[in-house]
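Within every chain, numbering begins at 1; the chains are lettered A, B, ... in the order of the sequence lines, protein sequences first and strands thereafter.
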There are 2 protein chains.
Amino acid sequence: MKNRDEVRELFKAKKVPLTHQRLAVYEELSGRKDHPSAEALYESLKKDYPSLSLATVYKTLQTLHEMGMVARVDSPAAQARYDAIVETHHHAVCTACGRIEDLFDPRLDTLPAPKAEGFVPSGHSVHFHGLCARCAKASAQKTR
Amino acid sequence: MKNRDEVRELFKAKKVPLTHQRLAVYEELSGRKDHPSAEALYESLKKDYPSLSLATVYKTLQTLHEMGMVARVDSPAAQARYDAIVETHHHAVCTACGRIEDLFDPRLDTLPAPKAEGFVPSGHSVHFHGLCARCAKASAQKTR
DNA sequence: TACTAGTGGATAATAATTATCAACCAGGAG
DNA sequence: CTCCTGGTTGATAATTATTATCCACTAGTA
Ligand SMILES: [Mn+2]
Ligand SMILES: [Mn+2]
Ligand SMILES: [Zn+2]
Ligand SMILES: [Zn+2]
């Protein structure tokens, strides 16, 4: 939980202008444990900042994400992806091209039970993210 | 990989009418390893079934999902959810109300490397799914 | 205080998904 | 095999989430 001065430092270090709106979005999100959506943040924020725009919340979250100050839960894929394999297995997701590969590894099938008070688990899934073989190769080309 | 007769059995067992479209969507999805989107399936299918509608693909995937014959990769959440905690941690997602709770458990932070040829991993996340304390309680009420 | 590149607000546009509804068909009765 | 009927399909409108646009405005600097 970063305080206001640490936030100022981060913006200064990355040479990103710090606006009231950006600070407000970040502080609102920091103060919450419920992993809110952009819409949910907007609803809370507009009480204190009636002129704030929903579009600004989206743009700000994207900025904060690029700065590494905010994470997106789940996949960044805009559209749902389906699988005819319903047996337990896991996935390697390419962050460059969106490719999703299957991972069958029994060592991932049994994990320590989630330590969340009262939570009744029914299963789990592991997502590795990174670069698929093709994109890794392409990326290596570019850096060379 | 279920054959056509096994599919018929499953539909009969669950008393869900088996239509040509449902069979076609299921067989197309079964034959693919790329975790396609509804749109991608539709594009493939309309070559053989020119009258097929995209809406039917969506409805069929939902039906197959409810029957347990199809899985959705990633979260079922329609909208993106954000987190100010960027340090490695994991989540317990309630399938009933969408609540997302944090899980801090170092045992989940290091997992066996993904066995995908050429994949260059940069990280991973574990999602447990199940019922949160509140929904588990509500569900227990109903069954009583 | 003044300058200016970048940002914010308002809103239009786009993309994904869901709802609507009349015509049609799967599956069971006769 | 034919008929009946409720559930399904196809066409399309509506909705929802997100992104793009564009001009006025402000943060950061001098
Ligand atoms: Mn899979
Ligand atoms: Mn979290
Ligand atoms: Zn890739
Ligand atoms: Zn819940």
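Contact annotation: Tyr58(B) side-chain N/O to dT18(C) OP1/OP2 distance is not under 4.0 Å. Dashed line: the shortest gap from a side-chain N or O of Ser37(B) to OP1 or OP2 of dA16(C) is not under 4.0 Å. The phosphate of dA10(C) has neither OP1 nor OP2 within less than 4.0 Å of any side-chain N or O from Ser53(A). Between Gln21(B) and the phosphate of dT8(D), there is no side-chain N or O to OP1/OP2 separation shorter than 4.0 Å. Under 4.0 angstrom from either OP1 or OP2 of dG8(C) there lies no side-chain N or O belonging to Ser51(A). OP1 or OP2 of dG10(D) sits under 4.0 Å from a side-chain N or O of Thr56(B). Side-chain nitrogen and oxygen atoms of His20(A) include none within less than 4.0 Å of the OP1 or OP2 phosphate oxygen of dT26(D).
Closest to the Ala80(A) side chain, of the nucleotides dA11(D), dG9(C), dT17(C), is dT17(C). The side chain of Pro17(B) has dT8(D) as its nearest neighbour among dT8(D), dG10(D), dG8(C).
Computed from coordinates, the Tyr26(A) OH to dT7(C) C1' distance equals 21 Å when rounded to whole Å. Between His65(B) atom NE2 and dT17(C) atom P the separation is 13 Å, expressed in whole Å. Atom pair Arg8(A):CZ and dA27(D):C1' shows a separation of 12 Å (rounding to whole Å applied). Leu61(B) has its CG atom 15 Å from the C1' atom of dT8(D), to the nearest Å. Here the P atom of nucleotide dG8(C) and the OH atom of Tyr49(A) are 13 Å apart, to the nearest Å. Atom C1' of nucleotide dT8(D) and atom NZ of Lys14(B) are separated by 19 Å, given to the nearest angstrom. Distance CG (Leu18(B)) to C1' (dC25(C)): 13 Å, rounded to an integer number of Å. Distance CZ (Arg72(B)) to C1' (dA16(C)): 11 Å, rounded to an integer number of Å.
Under a cut-off of 6.0 angstrom, the local environment of CZ in Arg72(A) is crowded, with over 12 non-hydrogen atoms contributed by other residues, nucleotides or ligands. Counting heavy atoms of neighbouring residues, nucleotides and ligands inside a 6.0 Å radius, atom CD of Glu117(B) does not exceed 12 of them.
Among the protein residues, Ala38(A) comes within range of no part of the nucleic acid, since none of its heavy atoms lies under 4.0 Å from any strand. Across all strands shown, Glu39(B) has no heavy atoms under 4.0 Å from either base or sugar-phosphate atoms.
Ranked by how close their nearest DNA chain C nucleotide is to the 5' end, Thr19(B) and Lys59(B) are led by Lys59(B). Sequence order on DNA chain D of the closest nucleotides to Val16(B) and Leu54(B) puts Val16(B) first from the 5' end. Ranked by how close their nearest DNA chain D nucleotide is to the 5' end, Pro50(B) and Gln79(B) are led by Pro50(B).
Between His91(B) and His35(A), the angle of the ring planes goes over 60°, which puts this pair in the perpendicular group of the 30/60° scheme.
Across Leu111(A), Leu103(A), Asp105(A), a single residue satisfies side-chain contact (heavy atoms from CB on, under 4.5 Å) together with Val126(A), and that is Leu111(A).
No N or O donor and acceptor, one from the side chain of Lys15(A) and one from the base of dG6(C), sit under 3.5 Å apart.
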Residue pair Leu23(B), Arg4(B): steps toward the side chain to side chain contact (heavy atoms under 4.5 Å, CB included) verdict:
CA-CA 8 Å; Leu23(B) 187 59; Arg4(B) 196 164 294 189; 3.8 Å; yes
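A distance of 6.0 Å or more separates the ring centres of His90(A) and His127(B).
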